[in-house]
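Computed from heavy atoms alone, side chains included, the values below leave out hydrogens, waters and symmetry copies. Everything numeric in this text was worked out from a predicted model, so none of it was measured. Naming convention: chains lettered A, B, ... in sequence-line order (proteins, then strands); numbering from 1 in each chain.
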Amino acid sequence: EAGVTQFPSHSVIEKGQTVTLRCDPISGHDNLYWYRRVMGKEIKFLLHFVKESKQDESGMPNNRFLAERTGGTYSTLKVQPAELEDSGVYFCASSQVAGSTDTQYFGPGTRLTVL
Amino acid sequence: GNSVTQMEGPVTLSEEAFLTINCTYTATGYPSLFWYVQYPGEGLQLLLKATKADDKGSNKGFEATYRKETTSFHLEKGSVQVSDSAVYFCALYTSGTYKYIFGTGTRLKVLA
């Protein structure tokens with residue numbers, strides 16, 4: 001069974017440009033999460049989808065970030081326009097059931113560098 | 001609010017040394033606790049977990065015990081290998097929040 005995949009693995013853009021990150025969850029997982037790790041700091045929650053609906057987007061930094069999950073399958077995270085402080089590693093995770101013992105399975109991450 | 005504090009890294013050990021990576025937490029209610037590991041070039045993998053006080057999670061020779069009285073979940077391994085070199089993240093999950101709270105990660109380097 002394929003794990004969570006993310007694309008691209010690395011993106012280098014200039015300040016002011018737009019970048020779109022993609023996440024394909026494990027097949028059959030209704031729950032999809034985005035997290036971000038800014039260099040040297042903790043991994044922080046961004047948002048949570050249940051199927052195509054945003055369940056919790058309390059961690060989204062500002063309105064330059066837009067996440068979508070059309071059809072409840074893959075998800076995209078768009079940053080427009082990108083700023084220097086957006087650099088970091090963006091992780092996607094998925095789980096079958098959202099609950100206290102449900103394990104979230106993480107992808108390899110996309111490393112975003114904004115110059 | 002909920003938080004996780006991990007010991008600062010990097011931690012450098014010789015092969016077969018004993019490993020401890022400290023993790024303490026602050027949380028309301030009764031969180032589940034996790035250790036995730038990120039090997040070079042790979043994603044985060046669940047290493048072990050514990051869902052209630054005094055539970056011990058174990059996997060691949062690693063162990064951690066959920067200590068409610070000290071709000072800790074320290075990761076231990078009796079004899080590390082070069083292949084254990086990775087970044088280790090402690091995390092907690094509180095039912096109803098649907099999100100993990102992670103520590104800053106601890107980089108472990110094991111020398112042959």
Per-residue contact mode, A/Ser9 against chain B (heavy atom under 4.5 angstrom):
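For A/Ser9, there is no contact with chain B at all, as no heavy atom is under 4.5 Å.
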Per-residue contact mode, [X] against chain A (heavy atom under 4.5 angstrom):
X       : result
B/Leu44 : both
B/Gln45 : neither
B/Tyr30 : neither

Of the non-hydrogen atoms in A/Ser58 and B/Lys99, which two are nearest, and what is the gap between them?
OG-NZ, 3.2 Å
Could you measure the distance from the [atom1] atom of [X] to the [atom2] atom of [Y]? Nearest 0.5 Å is fine.
X       : Y        : atom1 : atom2 : answer
B/Tyr93 : A/Thr103 : OH    : OG1   : 10.5 Å
B/Tyr98 : A/Phe45  : OH    : CZ    : 11.5 Å
A/Ile43 : B/Ile101 : CD1   : CD1   : 11.5 Å

Go through A/Arg111, A/Lys41, A/Glu42, A/Lys44 and name the one with the most non-hydrogen pairs under 4.5 angstrom from chain B.
A/Glu42
Is the ring pair A/Phe106/B/Phe102 parallel, tilted or perpendicular, if the boundaries are 30 and 60 degrees?
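Taking B/Phe102 first and then A/Phe106, their aromatic rings stand perpendicular (interplane angle over 60°).
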Quick one: which residues of residues 80-89 of chain A reach chain B at under 4.5 angstrom, heavy atoms only?
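Not one residue of residues 80-89 of chain A has a heavy atom under 4.5 Å from chain B.
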Other hydrophobic cluster members with A/Leu115, side-chain heavy atoms of Ile/Leu/Val/Met/Phe/Trp/Tyr under 4.5 Å, chained?
A/Val12
Between B/Tyr100 and A/Gln104 (side chain of the first, backbone of the second, donor and acceptor by atom type, cut-off under 3.5 Å), is there such a pair?
yes
